[in-house]
Structures are given as structure tokens and as C-alpha cells.
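Letters A, B, ... are given to chains in the order of the sequence lines, protein chains preceding strands, and every chain is numbered from 1.
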Amino acid sequence: MRKPCCEKKDTNKGAWSKEEDQKLVDYIKKHGEGSWRSLPQAAGLLRCGKSCRLRWLNYLRPDLKRGNFAEDEEDLIVKLHALLGNRWSLIAGRLPGRTDNEVKNYWNSHLKRKLIRMGINPDKHHVRQSISRQHPVISHGKKEQLSKDATFLVKKTSGLPDLNLNLTLSNNIVE
DNA sequence: AAGTGGCACAACCGCTCGGTA
DNA sequence: TTACCGAGCGGTTGTGCCACT
């Protein structure tokens, strides 16, 4: 059995308070990101390091774009999902200001349903299996390679209509 | 007004990976 | 070579809100 990422006792769980958010933001502004395991103690937070990391990445980061997804963002998510499958961090990496959690939630609550309504099977539209067959071991660390593969596949798969070959959104999307 | 079902999103959990001693 | 640790990822759960009955 693995050791827990931090001592379960003496750690808060559940929703973050404004005070906790402020402590985390202040600390990261001062010391930068990283060393998540030791951060809570250093910042005076009764939280698990993983929890701090998640809170910062998904909610507190200043470059986050909050609010509804634009139509071209939706479009890009669908296309990337078709290529990459449920590799949310890779997909989010191509959407400036969006997080993997946000993309994942949006997919599960909006886009999946939307595709179903359109008569598209959201699980089978992608080519995840063929990618997996070509690369039986795909790790998080291989995401750069996978990303290149995705771009390669798009270029190669000329049959796929209306694909954004750059697979990125510019930063000047109107909010 | 109260109950309830569905939705949206924040947060947690367990696993894997890469680095390193 | 291997065992350990920190970081990151994706799946899942919890919870608050809102619309509907």
C-alpha cells in the first residue's frame, strides 16, 4: 500500500475558503510554483499538496480564461478528442487559458450530449485505438511525441474534413 | 412553498511516470 | 538495477444551484 501523499490528519478537505485561496496565491506570487508537497506547510495551509496544486492550476492561476467556451473552442475540443481521446491535459494544452479539468467537465456535461444529439457517437468518433496500436505504451511523459503524432495524423488523414491543422487557438480569441 | 431531479463544476482518489539516490 | 518520492493525469464523487412539478 502506498503512503498517502500527505498526512490525512490535520488537513482540510472540501471547498476552499477565501482565506485559504489568498494564502496560496500570496505564497505562489512570492515563491513561484513547484514543491507542492512542502508548499502547504510553508504557506500555512492545512491542505494536501495535491489539493493546493489542483486549486492553483484549475482556479487561481491568473491566466485562466473563465466563462463559457466559444464555438471555435468547442470545435477544437471535438477535433482534438477525435485524435487524442481522453487526454485532457493535451487537449487543454492547445486551448489557451483552459484547464484539463475544465475541458473534461465541459466534455462530459455539454459536448458529449451535443454529439449524441447530432447522432455522433462521442466515444467512437476518435482514433484513439489506432493511435494506441501504433504506440502501445503511451505515457504522460510521451505527450510531446503524442502531440506530434496527432498533428502528423491530421496532416496524413486528408479524409478528415475541416480540420484545423495547427490544432491551436490563438490568444486573441474574443472573450 | 416544498420536494426532487438534473446539471455544472470543484475537488478528491488512485494510478502511472520520471527523476534520483 | 531498483526502490522510493514527487508530480501529473484521468476517472469519479460531492455539492450547490436551478428548473420543474
Novice: Rounded to whole Å, how long is the line connecting atom CG of A:D100 with atom C1' of C:dT12?
Specialist: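 It works out to 14 Å between those atoms.
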Novice: Take the protein atom CZ of A:R87 and the nucleotide atom C1' of B:dC17, then report the distance between them rounded to whole Å.
Specialist: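 One finds 13 Å between C1' of B:dC17 and CZ of A:R87, rounded.
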Novice: Take atom CZ of A:R53 and atom P of B:dA10, then tell me their distance rounded to the nearest Å.
Specialist: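 Spelled out: CZ on A:R53 to P on B:dA10 is 16 Å.
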Novice: Between P on B:dA11 and CH2 on A:W36, what's the gap in Å once rounded to a whole number?
Specialist: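 After rounding, the reported distance stands at 14 Å.
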Novice: Among the candidates B:dC12, C:dA7, C:dC9, find the nucleotide nearest to the side-chain atoms of A:R47.
Specialist: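 Shortest atom-to-atom distance from the side chain points to B:dC12.
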Novice: Side chains of A:E73 and A:Y106: closer than 4.5 Å at any heavy-atom pair?
Specialist: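 No, side chains not in contact.
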Novice: Do the side-chain N or O atoms of A:S89 get closer than 4.0 angstrom to the phosphate oxygens (OP1, OP2) of C:dG10?
Specialist: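 It does, given that an N or O in the side chain of A:S89 lies less than 4.0 Å from OP1 or OP2 of C:dG10.
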Novice: Output the residues of residues 14-24 of chain A in contact with DNA chain B, where contact means a heavy atom of the residue under 4.0 Å from an atom of the strand; sort by number or write none.
Specialist: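 Residues of residues 14-24 of chain A that come under 4.0 Å of DNA chain B are, in numerical order, A:G14, A:A15, A:W16.
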Novice: Salt-bridged, A:K114 to A:E74, with N to O below 4.0 Å?
Specialist: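 A salt bridge is present here (some side-chain N lies under 4.0 Å from a carboxylate O).
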Novice: Report which part of the nucleic acid A:N58 touches: base, sugar-phosphate, or nothing (heavy-atom distance under 4.0 Å, all strands).
Specialist: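 No contact.
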Novice: Tell me if the CD atom of A:Q41 is crowded by more than 12 foreign heavy atoms within 6.0 Å.
Specialist: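 Not buried by this count: 12 neighbours or fewer within 6.0 Å.
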Novice: Under 3.5 Å, is there a donor-acceptor pair linking the side chains of A:N12 and A:E20?
Specialist: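 Their side chains do contain a donor-acceptor pair, which is all the 3.5 Å distance test asks for.
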Novice: Hey, are A:D75 and A:K79 close enough for a salt bridge, meaning a charged N less than 4.0 Å from a carboxylate O?
Specialist: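 Between A:K79 and A:D75 there is a salt bridge, with a charged N closer than 4.0 Å to a carboxylate O.
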Novice: So, do A:C48 and A:W36 sit near enough that their side-chain heavy atoms are less than 4.5 Å apart?
Specialist: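 Sidechains of A:W36 and A:C48: no contact.
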Novice: Identify all pairs in which a protein N or O lies below 3.5 Å from an N or O of nucleotides 14-18 of chain C, and state each distance.
Specialist:
none

Novice: Report, one pair per line, the protein and nucleotides 5-8 of chain B atoms (nitrogen or oxygen only) whose separation is under 3.5 Å.
Specialist:
residue : atom : partner : partner atom : Å
B:dA8   : OP1  : A:H110  : NE2          : 3.2
B:dA8   : OP2  : A:S109  : O            : 3.0
B:dA8   : OP2  : A:R113  : NH2          : 2.9

Novice: Can you confirm whether more than 12 heavy atoms, excluding those of A:N68, are under 6.0 Å from its CG atom?
Specialist: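 Atom CG in A:N68 is not crowded, with 12 or fewer foreign heavy atoms closer than 6.0 Å.
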Novice: Looking at B:dC13, I'd like to know if its phosphate oxygens (OP1 or OP2) sit under 4.0 Å from a side-chain N or O belonging to A:K13.
Specialist: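 Yes, because at least one side-chain N or O of A:K13 sits under 4.0 Å from OP1 or OP2 of B:dC13.
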Novice: On the six-membered ring of A:W88, is A:R98 placed so that its NZ or CZ lies under 6.0 angstrom from the centre and within 45° of the ring axis?
Specialist: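 Because its charged atom misses either the 6.0 Å distance or the 45° angle limit, A:R98 does not stack over A:W88.
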Novice: Are the side chains of A:Y27 and A:L45 in touch, meaning some heavy atoms are under 4.5 Å apart?
Specialist: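 Result no, sub-4.5 Å side-chain heavy-atom pair not found.
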Novice: Whole-Å distance between C:dT13 C1' and A:N101 CG?
Specialist: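 After rounding, the reported distance stands at 12 Å.
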Novice: Kindly point out which of B:dA10, B:dC13, C:dG10 is positioned nearest to the side chain of A:K50?
Specialist: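 Out of B:dA10, B:dC13, C:dG10, the nucleotide with an atom closest to A:K50's side chain is B:dC13.
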Novice: Please give me the minimum heavy-atom distance between A:W107 and A:I77, naming the atom from each residue.
Specialist: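 Of all heavy-atom pairs spanning A:W107 and A:I77, the closest is CE3-CG2, 4.1 Å.
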Novice: Whole angstroms only, please: what is the CD-C1' distance between A:E102 and B:dA11?
Specialist: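 In whole Å, B:dA11 C1' lies 14 Å from A:E102 CD.
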Novice: To the nearest Å, how far apart are A:W88 CH2 and B:dT16 P?
Specialist: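 Whole-Å distance recorded here is 20 Å.
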Novice: Starting at atom CG of A:L54, determine the distance to atom P of C:dG10, rounded to an integer number of angstrom.
Specialist: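 Value for this atom pair: 12 Å.
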Novice: Does the side chain of A:N58 reach to within under 4.5 Å of the side chain of A:E102, using non-hydrogen atoms?
Specialist: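 No, side chains not in contact.
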Novice: Search all heavy atoms of A:C52 against all heavy atoms of A:R47 and return the closest pair with its distance.
Specialist: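 The answer is SG-CB, 3.8 Å.
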Novice: Considering every strand and a 4.0 Å limit on heavy-atom distances, what is the contact class for A:Y106: base, sugar-phosphate, or nothing?
Specialist: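 Here A:Y106 touches no strand at all.
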